[in-house]
Amino acid sequence: MPGGAEESVAFARAARELGLKLSELELAVQLGEVRAVAVGAVEAVGPDGAMGRRVARAELLRVAAAEGFPGALRARLRVVGTAEGAELMGISPGRFTRLARGGFLTPVRFYVNRYRAVVWLYPAAELAAFAEREPALLTGRVPAGLRATLSAGEDQRAARWRGRRVEQLLARTEDPWERAAVWAAVLPPGELEAVVADAAERAHVRELMPRLAPVPAGGGPAAEVVAAVVTADDPVEIRRCRAALDTCVRDARRARPAPRPAGTAQPPGGEPARPAARPAARPRGLWHRLLRGRRSAGDRPAAAYRGRKSPSCTTDTSSRPARS
(Lines give C-alpha, C1' and ligand atoms only; values in the text may rest on other atoms or scores of the structure.)
Protein backbone atom coordinates (compact mmCIF):
# COMPACT_ATOMS: atom_id res chain seq x y z
CA MET A 1 0.00 0.00 0.00
CA PRO A 2 1.46 3.37 -0.96
CA GLY A 3 2.49 5.48 2.00
CA GLY A 4 4.80 8.29 3.01
CA ALA A 5 4.69 12.05 3.12
CA GLU A 6 6.45 12.98 -0.17
CA GLU A 7 4.41 14.94 -2.71
CA SER A 8 5.72 12.67 -5.48
CA VAL A 9 7.93 9.60 -5.79
CA ALA A 10 10.36 8.33 -8.40
CA PHE A 11 8.99 6.18 -11.19
CA ALA A 12 10.70 2.99 -9.99
CA ARG A 13 9.47 3.48 -6.44
CA ALA A 14 5.92 4.12 -7.66
CA ALA A 15 6.04 0.80 -9.51
CA ARG A 16 7.14 -1.02 -6.35
CA GLU A 17 4.47 0.61 -4.21
CA LEU A 18 1.77 -0.36 -6.70
CA GLY A 19 3.14 -3.88 -6.99
CA LEU A 20 3.93 -3.44 -10.69
CA LYS A 21 6.96 -4.05 -12.83
CA LEU A 22 8.52 -0.92 -14.28
CA SER A 23 7.30 -1.90 -17.75
CA GLU A 24 3.78 -2.41 -16.38
CA LEU A 25 3.76 1.04 -14.81
CA GLU A 26 5.00 2.54 -18.08
CA LEU A 27 2.14 0.82 -19.90
CA ALA A 28 -0.30 2.07 -17.24
CA VAL A 29 0.87 5.62 -17.92
CA GLN A 30 0.59 5.14 -21.68
CA LEU A 31 -2.96 3.80 -21.36
CA GLY A 32 -4.01 6.56 -19.00
CA GLU A 33 -4.44 4.30 -15.97
CA VAL A 34 -1.82 6.21 -13.95
CA ARG A 35 -0.95 9.88 -14.31
CA ALA A 36 2.75 10.75 -14.16
CA VAL A 37 4.43 14.08 -13.54
CA ALA A 38 7.02 15.03 -16.15
CA VAL A 39 10.46 16.13 -14.96
CA GLY A 40 12.41 17.85 -17.73
CA ALA A 41 11.94 17.06 -21.40
CA VAL A 42 9.47 14.37 -22.30
CA GLU A 43 11.23 11.00 -22.17
CA ALA A 44 14.56 12.79 -22.15
CA VAL A 45 16.45 10.12 -20.22
CA GLY A 46 15.30 6.85 -21.64
CA PRO A 47 12.52 5.05 -23.48
CA ASP A 48 10.68 4.10 -20.31
CA GLY A 49 10.96 7.62 -18.89
CA ALA A 50 11.75 6.16 -15.44
CA MET A 51 14.29 8.89 -14.62
CA GLY A 52 12.36 11.64 -16.37
CA ARG A 53 9.03 11.33 -14.54
CA ARG A 54 7.56 10.92 -11.11
CA VAL A 55 4.17 9.91 -9.76
CA ALA A 56 2.30 12.10 -7.31
CA ARG A 57 1.57 10.59 -3.91
CA ALA A 58 -2.09 11.51 -4.34
CA GLU A 59 -2.16 9.58 -7.62
CA LEU A 60 -0.74 6.47 -5.95
CA LEU A 61 -3.43 6.68 -3.29
CA ARG A 62 -6.13 7.12 -5.95
CA VAL A 63 -4.99 4.09 -7.92
CA ALA A 64 -4.63 1.93 -4.81
CA ALA A 65 -8.10 2.91 -3.58
CA ALA A 66 -9.82 1.89 -6.82
CA GLU A 67 -12.21 -1.05 -6.70
CA GLY A 68 -10.54 -4.39 -7.38
CA PHE A 69 -6.98 -3.11 -6.94
CA PRO A 70 -4.54 -4.58 -7.81
CA GLY A 71 -6.19 -7.38 -9.79
CA ALA A 72 -8.45 -5.14 -11.84
CA LEU A 73 -5.53 -2.89 -12.77
CA ARG A 74 -3.39 -5.85 -13.82
CA ALA A 75 -6.23 -7.14 -16.00
CA ARG A 76 -6.44 -3.80 -17.80
CA LEU A 77 -2.66 -3.84 -18.33
CA ARG A 78 -2.56 -7.33 -19.81
CA VAL A 79 -1.11 -7.43 -23.32
CA VAL A 80 -1.38 -10.35 -25.73
CA GLY A 81 0.05 -11.35 -29.06
CA THR A 82 -1.69 -12.75 -32.12
CA ALA A 83 -2.38 -16.30 -30.90
CA GLU A 84 -3.72 -15.34 -27.49
CA GLY A 85 -5.56 -12.35 -28.89
CA ALA A 86 -7.29 -14.51 -31.46
CA GLU A 87 -8.32 -16.99 -28.77
CA LEU A 88 -9.64 -14.16 -26.63
CA MET A 89 -11.79 -12.89 -29.52
CA GLY A 90 -12.90 -16.38 -30.59
CA ILE A 91 -11.40 -16.14 -34.08
CA SER A 92 -8.52 -17.76 -35.95
CA PRO A 93 -5.03 -16.25 -35.81
CA GLY A 94 -5.27 -15.65 -39.55
CA ARG A 95 -8.43 -13.58 -39.21
CA PHE A 96 -6.92 -11.68 -36.28
CA THR A 97 -3.89 -10.78 -38.40
CA ARG A 98 -6.08 -9.63 -41.28
CA LEU A 99 -8.08 -7.35 -38.98
CA ALA A 100 -4.87 -5.95 -37.49
CA ARG A 101 -3.24 -5.36 -40.87
CA GLY A 102 -6.44 -3.71 -42.06
CA GLY A 103 -6.25 -1.17 -39.23
CA PHE A 104 -9.07 -2.41 -37.00
CA LEU A 105 -6.80 -3.34 -34.08
CA THR A 106 -4.12 -1.05 -32.65
CA PRO A 107 -0.89 -2.47 -31.16
CA VAL A 108 0.35 -0.92 -27.96
CA ARG A 109 3.80 -2.53 -27.90
CA PHE A 110 6.13 -4.52 -30.14
CA TYR A 111 9.46 -6.29 -30.04
CA VAL A 112 11.79 -7.86 -32.58
CA ASN A 113 12.29 -11.61 -32.12
CA ARG A 114 15.42 -13.60 -32.87
CA TYR A 115 14.27 -14.06 -36.46
CA ARG A 116 14.14 -10.27 -36.84
CA ALA A 117 10.37 -10.33 -37.18
CA VAL A 118 8.17 -7.76 -35.47
CA VAL A 119 5.89 -9.24 -32.81
CA TRP A 120 2.93 -6.98 -32.05
CA LEU A 121 1.23 -6.82 -28.65
CA TYR A 122 -2.30 -5.59 -28.00
CA PRO A 123 -4.22 -4.61 -24.85
CA ALA A 124 -6.42 -7.59 -24.03
CA ALA A 125 -9.18 -5.32 -22.73
CA GLU A 126 -9.36 -3.46 -26.06
CA LEU A 127 -9.60 -6.70 -28.02
CA ALA A 128 -12.46 -7.92 -25.84
CA ALA A 129 -14.25 -4.61 -26.30
CA PHE A 130 -13.77 -4.76 -30.08
CA ALA A 131 -15.16 -8.30 -30.23
CA GLU A 132 -18.26 -7.19 -28.35
CA ARG A 133 -18.67 -4.06 -30.48
CA GLU A 134 -18.03 -5.55 -33.94
CA PRO A 135 -19.33 -9.16 -33.97
CA ALA A 136 -20.01 -9.00 -37.72
CA LEU A 137 -16.27 -8.75 -38.41
CA LEU A 138 -15.52 -11.92 -36.46
CA THR A 139 -17.45 -14.42 -38.56
CA GLY A 140 -18.27 -15.08 -42.19
CA ARG A 141 -16.38 -13.79 -45.17
CA VAL A 142 -13.93 -10.97 -44.71
CA PRO A 143 -15.38 -7.84 -46.36
CA ALA A 144 -14.36 -7.51 -49.98
CA GLY A 145 -12.77 -4.12 -49.42
CA LEU A 146 -10.50 -5.50 -46.72
CA ARG A 147 -9.54 -8.45 -48.92
CA ALA A 148 -8.59 -6.07 -51.72
CA THR A 149 -6.62 -3.86 -49.37
CA LEU A 150 -4.63 -6.77 -47.97
CA SER A 151 -4.06 -8.20 -51.44
CA ALA A 152 -2.47 -4.87 -52.36
CA GLY A 153 0.02 -5.32 -49.51
CA GLU A 154 -1.44 -2.85 -47.01
CA ASP A 155 -0.38 -3.27 -43.38
CA GLN A 156 -1.56 -0.61 -40.96
CA ARG A 157 -0.04 -2.06 -37.77
CA ALA A 158 3.08 0.09 -37.67
CA ALA A 159 1.19 3.28 -38.59
CA ARG A 160 -1.43 2.55 -35.94
CA TRP A 161 1.28 1.98 -33.34
CA ARG A 162 3.01 5.24 -34.33
CA GLY A 163 -0.25 7.17 -34.07
CA ARG A 164 -0.89 5.80 -30.61
CA ARG A 165 2.69 6.44 -29.47
CA VAL A 166 2.65 10.04 -30.72
CA GLU A 167 -0.62 10.67 -28.92
CA GLN A 168 0.84 9.24 -25.70
CA LEU A 169 3.90 11.50 -25.87
CA LEU A 170 1.92 14.61 -26.78
CA ALA A 171 -0.31 14.04 -23.77
CA ARG A 172 2.72 14.35 -21.49
CA THR A 173 3.71 17.89 -22.38
CA GLU A 174 2.23 21.26 -23.33
CA ASP A 175 5.60 22.75 -24.23
CA PRO A 176 5.51 23.54 -27.98
CA TRP A 177 9.20 22.77 -28.53
CA GLU A 178 8.81 19.36 -26.89
CA ARG A 179 5.68 18.71 -28.94
CA ALA A 180 7.57 19.65 -32.10
CA ALA A 181 10.25 17.15 -31.11
CA VAL A 182 7.64 14.38 -30.81
CA TRP A 183 6.49 14.97 -34.39
CA ALA A 184 10.07 15.20 -35.63
CA ALA A 185 10.88 11.83 -34.04
CA VAL A 186 8.40 10.10 -36.38
CA LEU A 187 9.61 11.70 -39.61
CA PRO A 188 12.20 10.15 -41.95
CA PRO A 189 15.72 11.61 -42.04
CA GLY A 190 15.85 14.89 -43.90
CA GLU A 191 12.27 15.92 -43.21
CA LEU A 192 13.23 18.07 -40.20
CA GLU A 193 15.61 20.08 -42.39
CA ALA A 194 12.89 20.47 -45.00
CA VAL A 195 10.40 21.89 -42.49
CA VAL A 196 12.66 23.81 -40.08
CA ALA A 197 15.17 25.94 -41.97
CA ASP A 198 16.89 27.48 -38.93
CA ALA A 199 19.87 25.41 -37.74
CA ALA A 200 19.59 26.48 -34.08
CA GLU A 201 15.93 25.51 -33.98
CA ARG A 202 16.68 22.15 -35.56
CA ALA A 203 19.39 21.52 -32.96
CA HIS A 204 16.97 22.38 -30.15
CA VAL A 205 14.30 20.04 -31.55
CA ARG A 206 16.86 17.23 -31.92
CA GLU A 207 17.96 17.74 -28.32
CA LEU A 208 14.39 17.27 -27.13
CA MET A 209 13.53 14.44 -29.50
CA PRO A 210 12.22 11.36 -27.64
CA ARG A 211 12.99 7.76 -28.48
CA LEU A 212 9.75 6.18 -29.59
CA ALA A 213 10.89 2.65 -28.73
CA PRO A 214 13.92 0.97 -27.17
CA VAL A 215 16.73 0.21 -29.60
CA PRO A 216 18.26 -3.29 -29.30
CA ALA A 217 21.71 -3.30 -27.75
CA GLY A 218 24.52 -3.52 -30.24
CA GLY A 219 22.53 -2.16 -33.15
CA GLY A 220 22.61 -4.41 -36.20
CA PRO A 221 19.64 -5.78 -38.17
CA ALA A 222 17.24 -5.74 -35.19
CA ALA A 223 17.90 -2.03 -34.68
CA GLU A 224 17.19 -1.44 -38.36
CA VAL A 225 13.83 -3.20 -37.98
CA VAL A 226 12.94 -0.99 -35.01
CA ALA A 227 13.97 2.12 -36.96
CA ALA A 228 11.65 1.10 -39.80
CA VAL A 229 8.71 0.61 -37.42
CA VAL A 230 9.07 3.98 -35.70
CA THR A 231 9.50 5.98 -38.92
CA ALA A 232 6.53 7.18 -40.99
CA ASP A 233 6.63 5.73 -44.48
CA ASP A 234 3.25 6.60 -46.02
CA PRO A 235 3.12 9.92 -47.91
CA VAL A 236 -0.15 10.91 -46.24
CA GLU A 237 1.23 10.20 -42.77
CA ILE A 238 4.44 12.09 -43.56
CA ARG A 239 2.47 15.06 -44.81
CA ARG A 240 0.40 15.22 -41.62
CA CYS A 241 3.46 14.94 -39.40
CA ARG A 242 5.24 17.68 -41.34
CA ALA A 243 2.23 19.97 -40.99
CA ALA A 244 2.03 19.29 -37.24
CA LEU A 245 5.77 19.91 -36.85
CA ASP A 246 5.51 23.19 -38.73
CA THR A 247 2.57 24.30 -36.55
CA CYS A 248 4.39 23.42 -33.33
CA VAL A 249 7.55 25.27 -34.35
CA ARG A 250 5.51 28.37 -35.18
CA ASP A 251 3.78 28.16 -31.80
CA ALA A 252 7.11 27.60 -30.08
CA ARG A 253 8.66 30.67 -31.66
CA ARG A 254 5.81 32.80 -30.37
CA ALA A 255 6.21 31.29 -26.88
CA ARG A 256 9.99 31.64 -26.64
CA PRO A 257 12.92 31.51 -29.08
CA ALA A 258 15.09 28.44 -29.31
CA PRO A 259 18.49 28.77 -27.59
CA ARG A 260 21.23 29.64 -30.02
CA PRO A 261 24.94 30.47 -29.96
CA ALA A 262 25.80 34.04 -29.03
CA GLY A 263 25.97 36.37 -31.99
CA THR A 264 23.56 34.45 -34.22
CA ALA A 265 20.37 36.18 -35.30
CA GLN A 266 16.82 35.05 -34.76
CA PRO A 267 14.95 34.02 -37.94
CA PRO A 268 13.45 37.09 -39.61
CA GLY A 269 9.89 37.74 -38.52
CA GLY A 270 9.83 34.68 -36.28
CA GLU A 271 8.57 32.58 -39.15
CA PRO A 272 10.27 29.44 -40.50
CA ALA A 273 11.13 29.02 -44.12
CA ARG A 274 8.40 27.46 -46.21
CA PRO A 275 8.63 23.66 -46.17
CA ALA A 276 9.82 21.82 -49.22
CA ALA A 277 7.22 20.18 -51.42
CA ARG A 278 5.23 17.56 -49.54
CA PRO A 279 5.18 13.94 -50.64
CA ALA A 280 2.37 13.11 -53.01
CA ALA A 281 -0.53 11.39 -51.31
CA ARG A 282 -1.08 7.74 -52.13
CA PRO A 283 -4.59 7.29 -53.63
CA ARG A 284 -7.11 6.09 -51.09
CA GLY A 285 -10.08 3.99 -52.16
CA LEU A 286 -13.59 3.42 -50.88
CA TRP A 287 -12.44 0.82 -48.35
CA HIS A 288 -10.25 3.32 -46.51
CA ARG A 289 -13.19 5.75 -46.23
CA LEU A 290 -15.45 2.98 -44.95
CA LEU A 291 -12.77 1.84 -42.49
CA ARG A 292 -12.40 5.32 -41.04
CA GLY A 293 -16.16 5.50 -40.59
CA ARG A 294 -16.33 2.24 -38.61
CA ARG A 295 -13.69 3.07 -36.04
CA SER A 296 -15.01 3.97 -32.64
CA ALA A 297 -13.31 6.24 -30.13
CA GLY A 298 -11.47 3.39 -28.45
CA ASP A 299 -10.16 1.78 -31.61
CA ARG A 300 -9.23 4.47 -34.11
CA PRO A 301 -5.87 6.08 -34.84
CA ALA A 302 -4.52 8.83 -32.62
CA ALA A 303 -6.37 12.11 -32.96
CA ALA A 304 -3.43 13.81 -34.64
CA TYR A 305 -3.57 11.35 -37.55
CA ARG A 306 -7.30 11.49 -38.20
CA GLY A 307 -7.99 14.50 -40.33
CA ARG A 308 -6.58 15.67 -43.60
CA LYS A 309 -6.21 19.26 -42.41
CA SER A 310 -3.04 20.51 -40.77
CA PRO A 311 -2.95 19.10 -37.23
CA SER A 312 -2.87 21.45 -34.28
CA CYS A 313 0.17 21.54 -32.04
CA THR A 314 -2.10 21.49 -28.97
CA THR A 315 -4.42 18.68 -30.05
CA ASP A 316 -4.03 16.22 -28.06
CA THR A 317 1.79 -14.35 -29.52
CA SER A 318 1.57 -14.75 -25.81
CA SER A 319 1.49 -12.41 -22.90
CA ARG A 320 4.94 -11.11 -21.99
CA PRO A 321 6.51 -7.98 -20.56
CA ALA A 322 6.01 -5.01 -22.85
CA ARG A 323 9.17 -3.77 -24.52
CA SER A 324 8.35 -0.69 -26.60
Side-chain angles (χ1 to χ4, degrees), residues 79-110 117-167 186-188 225 228-244 278-311 315 317:
V79 294
V80 297
T82 297
E84 194 170 357
E87 182 178 1
L88 177 66
M89 297 174 67
I91 59 178
S92 70
R95 193 179 191 99
F96 182 98
T97 299
R98 288 192 290 274
L99 289 173
R101 290 184 61 194
F104 286 100
L105 308 175
T106 303
V108 69
R109 293 287 171 90
F110 74 90
V118 177
V119 179
W120 298 103
L121 301 172
Y122 306 80
E126 289 185 9
L127 299 182
F130 178 87
E132 182 177 355
R133 188 174 64 246
E134 299 283 0
L137 289 173
L138 307 184
T139 60
R141 289 178 59 82
V142 172
L146 177 56
R147 291 200 307 271
T149 296
L150 298 178
S151 296
E154 292 278 351
D155 188 343
Q156 294 295 315
R157 290 174 293 185
R160 297 273 284 175
W161 176 85
R162 286 191 296 270
R164 173 174 234 157
R165 186 70 176 125
V166 165
E167 187 176 60
V186 181
L187 286 168
V225 173
V229 170
V230 305
T231 305
D233 59 356
D234 177 71
V236 173
E237 183 183 3
I238 293 173
R239 184 176 65 195
R240 293 172 184 169
C241 293
R242 285 167 57 107
R278 294 169 178 168
R282 186 166 58 193
R284 297 287 178 176
L286 175 62
W287 175 248
H288 292 85
R289 295 194 294 273
L290 293 175
L291 177 61
R292 284 198 300 273
R294 294 189 68 102
R295 289 169 179 154
S296 68
D299 199 60
R300 62 191 173 206
Y305 286 82
R306 252 179 251 140
R308 290 186 177 274
K309 296 181 180 180
S310 298
T315 301
T317 101

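Every residue meeting the side-chain contact (heavy atoms from CB on, under 4.5 Å) condition with Pro93, not counting sequence neighbours, appears here in chain and number order: Thr82, Ala86. In this view, Arg157 and Asp155 satisfy the side-chain hydrogen bond (donor to acceptor under 3.5 Å, both in side chains) rule, not counting sequence neighbours. Listed by chain and number, the residues in a side-chain contact (heavy atoms from CB on, under 4.5 Å) with Ala131 are Met89, Leu138 (sequence neighbours excluded). In terms of the side-chain contact (heavy atoms from CB on, under 4.5 Å) criterion, residue partners of Leu187 (sequence neighbours excluded) are, by chain and number, Glu191, Ile238, Cys241, Arg242, Leu245. Applying the salt bridge (charged side-chain N to carboxylate O under 4.0 Å, His left out) test to Arg98 and every residue at least two apart in sequence or in another chain returns nothing.
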(message) For Val186 and Glu237: C-alpha separation, side-chain torsions, deciding distance, then whether side-chain contact (heavy atoms from CB on, under 4.5 Å) applies.
(response) CA-CA 10 Å; Val186 181; Glu237 183 183 3; 4.3 Å; yes
(request) Evaluate the criterion salt bridge (Lys or Arg N to Asp or Glu O under 4.0 Å) for residue pair Asp234 and Arg240; output intermediate values, then yes/no. (result) CA-CA 10 Å; Asp234 177 71; Arg240 293 172 184 169; over 6 Å; no
(request) Step by step, work out the salt bridge (Lys or Arg N to Asp or Glu O under 4.0 Å) result for Arg160 and Glu126. (result) CA-CA 14 Å; Arg160 297 273 284 175; Glu126 289 185 9; over 6 Å; no
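Separating the CH2 atom in Trp161 from the CH2 atom in Trp120 is a distance of 7.0 Å, to the nearest 0.5 Å. From Leu121, atom CG reaches atom CD of Glu84 across 10.0 Å, with rounding to the nearest 0.5 Å. Going from atom CD of Gln156 over to atom CG of Leu105 covers 12.0 Å, rounded to the nearest 0.5 Å. Here the straight-line distance linking atom CG of Leu99 with atom CZ of Phe130 works out to 5.5 Å at 0.5 Å rounding.
Contact detail for Arg162 and Thr231: the closest heavy-atom pair is NH1-O, 3.3 Å. The minimum heavy-atom distance linking Leu137 with Pro143 is given by the pair CD2-CG, 3.9 Å. Nearest approach of Ala232 to Pro188, heavy atoms of both residues: O-CG, 3.4 Å. Heavy-atom minimum distance, Arg95 versus Thr139: NH2-O, 3.0 Å. When all heavy atoms are compared, the tightest approach of Arg164 to Thr106 is NH1-O, 3.0 Å.
Between Phe96 and Tyr122, the distance separating the two ring centers is shorter than 6.0 angstrom.
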